[in-house]
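One structure below.
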Amino acid sequence: MARYVRIPGSIALITLANPPVNALSAAVRRGITETLSRAIADPEVKAVVLCGENGNFCGGADIKEFAGPMSGPGLVPMIDAIEAGEKPVVAAIEGVALGGGLELALGCHYRIAHCKARVGLPEVTLGLLPAAGGTQRLPRLIGLSAALDLITTGRHVSAQEALQLGIVDRLTEGDTLGVAVEFAQSIAGQPLGSRRLSTRTPACPADLDSFLQGALVQVRRRARGAMAPEACVRAVGAAATLPYSQGMQREQELMASLFRSAQARALQYCFFSQRLVGRWSTPSGARWDSAEPRPIRRAAVIGLGTMGRGIAVSLLQAGIAVVAVETDEQQLEAGRRAVTALLERRAQGRGSEGPLRFTTDLQQLRQVELVIEAVFEDLAVKKQVFRQLSAVCPADTLLCTNTSGLDVEQLAACTRSPELVVGTHFFGPAHVMKLLEVVYGPRSSPVAVATAMHLGKRLGKVSVAVGNCPGFVGNRMLKPYLEQAHFLLEEGAAPEQVDQALEEFGFAMGVFRVADLSGLDVGWRVRKEAGLTGPGVAPGESPRRRQGRRYSPLPDLLCEQGRLGQKTGRGWYLYEGPGAREARPDPWTHSFLQQYRQQHGLQPRAVPQQEVLERCLYALINEGFRVLEDGIATGPEDIDIIYVFGYGWPRHRGGPMFHAGAVGLATVLDRLEHYHHAHPDIPNLQPSALLRRLVASGNPPIQKWREVIRRVRSQL
Ligand code: NAI
């Protein structure tokens, strides 16, 4: 797990060997401890070089070990021993030095990095803090302010930035090990003094107290209830205010408060789930490890509206050539301006985009390998586009739709190769948001799914394969959530009250602020198309009932008043003017709701915050169980990744399905039964069969749900 070689010139070379990233497992820690003692004991050895096998220094702790009791030598005494030793130790960093890997390197006396290496302390993203001295040594090396930035965000830093910050002493473009060995020879015998970071005093801003106070306020605002960032600030603060040994003690105490926390469990679940969704499979037997993705070099985007623009930019930045298509010259020009502006804003020294062409002529698509359609959300328009694409593009072109929820199979049926049609559901802004729902229809071929999944990865996204049903996974589950929010307004709540409850839960924005931001007309159009509002409604039908169930016309009424959200300067909230972003509660909305309740004989009541959360979230979660029952998502992890990456679900709460497990499935079931009893005309509140089954199976841990799902599905 750590190899030892003596090389000429009195250098001992210790190589971490635990593929793929040389994680610091108990065996590796033991290996380092033993080989280091050997190097120290050997009078011939004048300096040590520490490196990692297979082009990676060290990816950090072995997260799998977190679940059980720790065994083997501790990381802290091991790193302390390296630092305290009389022989200089040089870290030769290739690939990554992350988390415990960087802490190990900080215990070394010198750090030499390859120019393509990356370093960072990402523990905060797992609900933890760097607890092997990272919070105490890094501020002593690069100053308080820079260390706080790295430790509270967990961001990875390029080798160049690491050099600028002073994290590494030297960069090399060539043979890192060779350079490190030569360097070690050159400094052998020199006094180590302040190379031992624990002996240094960290550079601090003049007004330390107010700086730390400001940092706390800032991370609290950003963290939305996550505890780890705040603990990171406190630990780094200890580096500035306490002697090293006491700072280390503080670091340990703070880590202890995080280590077994529900948040850390949720964040680590997200970490593993993100990997799990890459190992996708479909009910027809297509699998990630057997379906070969096709290489994509040339693509087309149809429709350069809100979404098409971002999709084009995303493709270009992955080095894919793009033909961008619009209906007429005017729209094309608007699209061209938007795409160019986005590219310029994001370029900043990159400039490795694929070639880009704009056209109104579909005949230009004779050579593309993949098309992403992002025209209006209108089935007839989309069908027409798919017919045209099928006629123009080469027979093996993959045809993708960015529909938010229309039937992918109906579009496939318009083409000559339905097996090459899939949904690629991006989230706005498409060049920023990390999620891609890849929707397979009953006829989508393994290669089509594999290619779309792989494309997502190439675009830097997290791709999740899901089945075809109205709204797929994300938007299907969102519908009952939105509905509950509207019903709560009818019953007496105010938009800002509902939003506040959701924001305190951890969402970046409450449901009404999001609706104002995306535009209320989007849903209005969908509801008109579905015959829920507008001329399609049967005369005489009650405004508060549709298709045999409770319906709230509130958002439709707002749209009829021209209140479409931020774009018109008013929606659920009031804005400074059209396009302004700061939402203010609007007395108009309050009196409108009051009148509405009066008109419909609804007695307003004070809605407790707990009810807001339970009704909105449990309705969404209940639909999640139905999604699993129907086999639209393979496992709860798929749903949770979709919600964390696409819908702003607070990551430290793991995702809706994880949250249900954390609250207790029996509690969720009980509350749903309670609310369904109180509102029998809302079918979404009726607990799903799978939820009942899971509770009856004794509330198994989320990792075991798949077995119960299989049993439930085999009985359907
Ligand atoms: P949009 O209305 O902003 O843009 C649609 C564009 O398509 C317009 O520029 C229009 O000129 C163009 N277009 C229409 N017919 C065309 C044709 N036959 N050929 C070429 N171009 C044509 O719409 P938006 O918001 O970009 O939505 C596009 C699709 O993406 C829809 O299916 C929508 O449901 C979906 N979507 C939208 C999201 C959003 O946040 N806006 C999120 C995820 C998906």
Side-chain angles (χ1 to χ4, degrees), residues 300-314 322-339 342 357-365 368 371-393 399-408 410-411 414 421-439 456 461 464 466 470-476 478-479 482 509 514-530 564-567 642 645-648:
V301 177
I302 317 294
L304 294 178
T306 314
M307 291 304 289
R309 299 164 183 190
I311 295 172
V313 168
S314 204
V322 172
V323 185
V325 186
E326 258 295 346
T327 37
D328 57 43
E329 285 301 331
Q330 199 184 343
Q331 293 290 4
L332 190 68
E333 193 43 42
R336 186 200 306 268
R337 271 201 304 274
V339 172
L342 282 178
R357 206 147 29 101
F358 291 91
T359 181
T360 54
D361 177 14
L362 278 182
Q363 299 299 325
Q364 303 277 326
L365 307 190
V368 297
V371 181
I372 299 177
E373 164 280 311
V375 307
F376 304 127
E377 186 75 344
D378 178 318
L379 189 61
V381 175
K382 286 193 192 281
K383 277 181 167 177
Q384 178 58 20
V385 169
F386 271 75
R387 267 184 222 109
Q388 290 171 326
L389 289 173
S390 181
V392 170
C393 299
L399 300 180
C400 309
T401 172
N402 185 48
T403 174
S404 338
L406 295 175
D407 185 0
V408 173
Q410 285 203 48
L411 299 177
C414 299
V421 175
V422 290
T424 46
H425 182 205
F426 289 78
F427 290 72
H431 57 294
V432 176
M433 291 289 285
K434 280 272 190 202
L435 179 67
L436 180 70
E437 265 186 326
V438 170
V439 187
K461 314 233 176 267
V464 185
V466 302
F472 317 129
V473 171
N475 286 345
R476 169 169 163 180
L478 201 63
K479 207 168 142 202
L482 289 172
M509 269 197 224
V514 172
D516 274 2
L517 175 70
S518 357
L520 269 64
D521 50 328
V522 180
W524 194 30
R525 211 170 305 135
V526 174
R527 291 190 296 276
K528 277 197 261 189
E529 184 122 335
L564 304 183
Q566 287 186 7
K567 62 176 103 170
I642 287 174
F645 285 94
Y647 293 86

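We count ligands from 1, going down the list as the structure has it; atoms in each ligand are counted the same way.
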pair [X]-[Y]: side-chain heavy atoms closer than 4.5 Å:
X      : Y      : value
Val466 : Val438 : no
Arg309 : Leu342 : yes
Asn402 : Ile311 : yes
Val385 : Leu411 : no
Val371 : Cys400 : no

Shortest protein heavy-atom distance from [atom], along with the residue and atom involved:
atom                    : answer
atom 18 (N) of ligand 1 : Val385 CG2, 3.5 Å
atom 43 (C) of ligand 1 : Phe426 O, 3.2 Å
atom 31 (C) of ligand 1 : Val375 O, 3.2 Å
atom 17 (C) of ligand 1 : Thr327 CG2, 3.4 Å
atom 36 (N) of ligand 1 : Ser404 OG, 3.4 Å
atom 20 (C) of ligand 1 : Ile302 CG2, 3.5 Å
atom 23 (O) of ligand 1 : Thr306 N, 4.5 Å

Are Arg525 and Asp378 within salt-bridge range, i.e. N to O under 4.0 Å?
no
So that I can tick it off, tell me whether Glu326 and Arg336 are bridged by a salt bridge, with the cut-off set at under 4.0 angstrom between side-chain N and carboxylate O.
no
Heavy atoms from other residues, nucleotides or ligands near CD of Gln330 exceed 12 (cutoff 6.0 Å)
no
If you compare all heavy atoms of Val368 against all heavy atoms of Cys393, which two are closest, and at what distance to 0.1 Å?
CG2-SG, 4.3 Å
Check whether any N or O atom of Glu373, backbone or side chain, sits under 3.5 Å from an N or O atom of ligand 1, and answer yes or no.
no
Could you say whether the N/O atoms of His425 and ligand 1 ever approach to under 3.5 Å?
no
Please work out which of [options] has its closest non-hydrogen atom nearest to [atom].
atom                    : options                        : result
atom 6 (C) of ligand 1  : Glu326, Arg525, Met307         : Glu326
atom 32 (O) of ligand 1 : Gln388, Arg309, Glu377         : Glu377
atom 5 (C) of ligand 1  : Ala374, Gly303, Pro429, Gly405 : Ala374
atom 4 (O) of ligand 1  : Ser518, Gly305, Gly519, Ala324 : Gly305

Any luck finding a side-chain donor-acceptor pair between Glu373 and Thr401 under 3.5 Å?
yes
Near-ring test Phe427/Tyr647, centroid separation under 6.0 angstrom
yes
Please state which part of [X] comes within less than 4.0 Å of ligand 1, counting heavy atoms only: side chain, backbone, both or neither.
X      : result
Asn402 : both
Phe427 : neither
Gln331 : side chain
Lys382 : side chain

Can you sort out which atoms of ligand 1 are near Thr403, meaning under 4.0 Å from one of its heavy atoms?
32 (O)
